[in-house]
Asks: 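The structure is given below, and queries will be raised subsequently.
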Amino acid sequence: MSLLTKAVRGTLDLLPSVSHKTQYIENTLLEIAENFGFSEIRTPVFEHTELFKRSAGETSDVVQKEMYTFTDRGERSITLKPEGTAGVVRAFLEHGLFNDALPQKMSYITPCYRYDKPQAGRYREHHQFGIECFGAAGAAAEAEIISLANEVFTYLGLVNISLEINSIGCKECRAEYNKALREYLDKNAEKLCETCLSRLEKNPMRILDCKSSVCSAIAAEAPKILDYICGDCSEHFLTLQKYLDAMGIEYSLNPRIVRGLDYYSRTVFEFVTGDLGAQSTVCGGGRYDGLIEELGGAAMPACGFGMGIERLLLLIEKQGCELPEKDRCELYIVSADRDASYMAAKIALEMRNFGTICLFDICERSVKAQMKYAGKINARYTMVLGGDELAKNEAIVKNMDSGSQRTLSLNDFTDNFMRLVLDNSVDDFNFGNLNLQQKNEASSFLTLLQGGKSEDE
RNA sequence: GUGGAUGUAGCUCAGUUGGUUAGAGUGCCAGGUUGUGGCCCUGGAGGUCGUCGGUUCGAUUCCGAUCAUCCACCCCA
């Protein structure tokens with residue numbers, strides 16, 4: 001097959017056969033966030049380039065080599081968001097949300113774009129679940145978002161994920177530490193790798209992150225940030241640990257976590273797993289007290305995290321965690337001729353309005369082919385409509401799991417069908433698609449029916 | 001951005017030591033008589049062997065480039 005073109009490198013298609021998994025995950029994430037008091041915010045996928053340059057930092061890898069930047073027809077420099085925080089902070093400031101009751105807590109699910117070299121678990125377009133909390137300076141805020149992430153993992157049934165935390169201090173103590181660090185690194189400068197050499201001036205802490213054996217050996221002997229952070233920062237970090245202890249969340253201290261985005265301060269953390277190869281970080285975040293000021297707002301403490309949805313799904317599949325099945329077609333209406341098809345269309349609409357998945361043939365295929373199709377899509381019940389049935393105003397409904405059949409009147413068919421379902425197994429029936437009002441109606445309907453048990457064959 | 005592996009039907013893979021009409025399983029469609037699925041049987045559709053170029057009388061098989069996927073580095077979610 002010679003296609004005109006294929007999906008762009010590093011992008012993924014989410015196909016209908018698996019989209020329910022992602023839907024479930026995303027709904028779960030937003031619901032858990034809501035339980036923690038975080039409500040969804042949606043911001044555009046692109047922003048003015050300067051926003052990301054300023055927030056992520058000119059020295060960050062993201063800004064230096066990974067952004068999707070283009071000039072639009074109005075000569076604006078536009079960038080597809082490489083991460084979620086900047087846009088949310090921009091909206092927070094632009095709409096004066098800092099005037100609302102503090103803290104302001106927000107969640108989001110958004111696509112992010114980075115010009116990386118693709119690998120499994122790393123894509124040029126990926127989707128990120130994120131949390132931002134504005135206006136809370138205390139360590140309880142970080143503790144809360146960490147426990148939120150932790151809750152997501154336990155809820156989804158994931159294992160083998162560990163939490164690593166670190167403090168990189170505030171502006172003041174970090175300056176002092178950087179000074180000490182640079183003095184140390186200068187002494188070893190000729191041994192450092194090329195990239196680290198270039199980081200030496202602007203952002204020496206990134207060198208601690210370097211994986212090259214020489215650099216990491218040098219880093220191992222380097223002064224430790226935790227020995228330099230000021231009293232307040234130290235107290236903050238200890239308080240965070242007490243909160244985590246109180247909630248029974250396990251963690252380890254990892255002084256090498258510095259994070260790639262320049263806006264972090266004090267707490268940084270990562271949830272990592274050994275089950276995803278080189279893409280080990282499932283969730284990363286921390287505190288960024290200086291960012292809002294950096295973007296033109298009044299000083300305001302803030303913290304948050306990002307979580308990769310594709311990685312989450314990969315991990316779920318790798319670990320064999322159970323996800324809900326795709327919603328099942330409850331009734332497939334087989335029609336033998338055109339008149340039956342008209343009736344099928346009418347009944348299907350009634351059933352759908354009742355909130356259940358109901359399908360009928362739209363290919364004018366043979367009865368056998370329709371039955372086959374119903375079997376293939378795993379329909380729970382089928383109903384055969386033809387001349388005989390229309391004449392008698394009734395239809396044969398077949399349970400595809402057991403193979404048993406019953407005749408139902410077409411008058412008030414939906415009610416009759418529900419009665420049949422009740423006789424077979426109430427629990428099997430899926431009310432997932434009903435809205436709240438419909439659910440109430442349906443449950444009182446079922447309660448009513450349960451009073452007078454109907455005859456069985 | 002660096003290094004390595006891979007690339008044949010929708011999917012999983014055979015195969016051609018370079019030679020005429022490229023295979024299997026599975027999936028898809030249709031039949032196996034009168035209106036009923038899952039098993040079985042039969043038939044059909046579907047590939048210019050990732051793409052472009054080179055060597056050759058001739059390449060899907062050899063060589064090169066390119067694109068894509070995967071792995072490690074890097075980076076991060």
Side-chain angles (χ1 to χ4, degrees), chain A residues 1-12 15 17 56 60-66 81-85 109-131 149 193-196 206 209-213 215 257-261 268 270-273 276-285 304-315 332-337 340 361 363 365-390 395-405:
Chain A
M1 189 162 46
S2 91
L3 294 172
L4 177 64
T5 179
K6 297 188 193 167
V8 174
R9 180 163 155 87
T11 64
L12 293 176
L15 303 179
S17 54
S60 65
D61 278 21
V62 169
V63 170
Q64 284 187 340
K65 47 192 189 194
E66 294 176 0
K81 60 165 90 159
E83 52 86 35
T85 301
I109 289 174
T110 182
C112 293
Y113 301 85
R114 297 222 265 255
Y115 197 85
D116 270 354
K117 185 158 176 177
Q119 247 172 269
R122 187 169 76 186
Y123 310 100
R124 290 189 173 173
E125 178 187 66
H126 79 280
H127 297 263
Q128 213 171 102
F129 165 66
I131 286 294
C193 74
E194 221 167 287
T195 33
C196 284
R206 303 283 290 120
D209 230 8
C210 186
K211 306 291 192 296
S212 96
S213 55
C215 297
I257 301 181
V258 298
R259 315 264 331 136
L261 305 172
V268 290
E270 287 181 5
F271 284 88
V272 295
T273 176
L276 287 181
Q279 271 59 54
S280 57
T281 305
V282 164
C283 172
F305 69 68
M307 194 184 283
I309 295 186
E310 285 82 357
R311 280 185 196 178
L312 212 49
L313 186 56
L314 277 177
L315 200 54
Y332 186 92
I333 307 174
V334 173
S335 47
D337 54 42
D361 174 66
C363 292
R365 285 194 280 206
S366 68
V367 168
K368 189 190 177 93
Q370 292 181 52
M371 286 300 293
K372 217 172 186 175
Y373 178 74
K376 250 179 289 200
I377 63 169
N378 194 27
R380 200 185 305 275
Y381 292 92
T382 51
M383 169 166 87
V384 178
L385 278 184
D388 297 351
E389 285 77 13
L390 292 186
I396 300 162
V397 173
K398 178 172 184 173
N399 181 318
M400 295 294 273
D401 296 335
S402 66
S404 67
Q405 303 196 143

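Predicted model, so just to flag it, every value in this text is computed and none were measured. Each chain gets a letter, A, B and so on, in the order the sequences are listed, and its residues count up from 1.
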Asks: Taking atom types as they are modelled, is there a donor-acceptor pair under 3.5 Å from the base of B:U36 to the side chain of A:Gln405?
Replies: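 For A:Gln405, whose side chain was compared with the base of B:U36, there is a donor-acceptor pair (under 3.5 Å).
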
Asks: State which of B:C76, B:A30, B:C75 makes the closest approach to the side chain of A:Arg365.
Replies: B:A30

Asks: May I ask you to verify whether the side chain of A:Arg122 and the base of B:A77 hold a donor-acceptor pair under 3.5 Å?
Replies: no

Asks: What is the nucleic acid contact for A:Val334, judged by heavy atoms within less than 4.0 Å: base, sugar-phosphate only, or nothing?
Replies: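 Since no nucleic acid heavy atom lies under 4.0 Å of A:Val334, the category is nothing.
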
Asks: Return yes if some donor-acceptor pair links the side-chain N/O of A:Arg124 with the main-chain N/O of A:Asp116 below 3.5 Å, else return no.
Replies: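 Confirmed, A:Arg124 side chain pairs with A:Asp116 backbone.
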
Asks: Between B:G44 and B:G23, how many Å separate the two P atoms, rounded to a whole number?
Replies: 13 Å

Asks: Is it true that a side-chain atom of A:Glu310 and a backbone atom of A:Arg122 form a donor plus acceptor pair closer than 3.5 Å?
Replies: no

Asks: With a cut-off of 3.5 Å and sequence neighbours excluded, list every side-chain donor-acceptor pair involving residues 276-285 of chain A.
Replies:
none

Asks: Please work out if A:Ala120 contacts a base, only the sugar-phosphate, or nothing of the nucleic acid, heavy-atom cut-off 4.0 Å.
Replies: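 Touches sugar-phosphate only.
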
Asks: Quick test: give all pairs of protein nitrogen or oxygen and nucleotides 37-42 of chain B nitrogen or oxygen below 3.5 Å, distance rounded to 0.1 Å.
Replies:
from  : atom 1 : to       : atom 2 : distance (Å)
B:G37 : N7     : A:Lys398 : NZ     : 2.8
B:G37 : N1     : A:Met400 : O      : 2.6
B:G37 : N2     : A:Met400 : O      : 3.3
B:G38 : N2     : A:Met400 : O      : 3.4

Asks: Categorize A:Asp388 for me: base, sugar-phosphate, or nothing, with a 4.0 angstrom heavy-atom threshold over every strand shown.
Replies: base

Asks: Looking at every heavy atom in both A:Asp337 and A:Gly387, which two are closest together, and how far apart are they?
Replies: OD2-N, 3.8 Å

Asks: Under the side-chain hydrogen bond (donor to acceptor under 3.5 Å, both in side chains) criterion, do A:Glu125 and A:Tyr113 qualify, and how do the steps go?
Replies: CA-CA 5 Å; A:Glu125 178 187 66; A:Tyr113 301 85; 2.6 Å; yes

Asks: Assign A:Gly84 to base, sugar-phosphate, or nothing according to its heavy-atom contacts below 4.0 angstrom with the strands shown.
Replies: nothing

Asks: So what does the secondary structure string of RNA chain B come out as, 5' to 3', with Watson-Crick or wobble pairs under 3.5 angstrom, [ ] for crossing and | for pairs with another strand?
Replies: (((((((..((((.....[...)))).(((((.......))))).....(((((..]....))))))))))))....

Asks: With rounding to the closest Å, how many angstrom separate the C1' atoms on B:C71 and B:C62?
Replies: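 These two C1' atoms come out 27 Å apart once rounded.
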
Asks: Base, sugar-phosphate, or nothing: which does A:Leu312 touch, judged by heavy atoms less than 4.0 Å apart?
Replies: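 Result for A:Leu312 = nothing.
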
Asks: Just checking A:Cys283: base, sugar-phosphate only, or nothing, at a heavy-atom cut-off of under 4.0 Å?
Replies: sugar-phosphate

Asks: If we take the C1' atom in both B:G15 and B:U61, what is their distance in whole Å?
Replies: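 The answer is 10 Å between these two C1' atoms.
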
Asks: Using the C1' atoms only, state how far B:C52 lies from B:A59, rounded to an integer number of Å.
Replies: 14 Å

Asks: Rounding to an integer number of Å, can you tell me how far A:Arg124 CZ sits from B:C76 C1'?
Replies: 15 Å

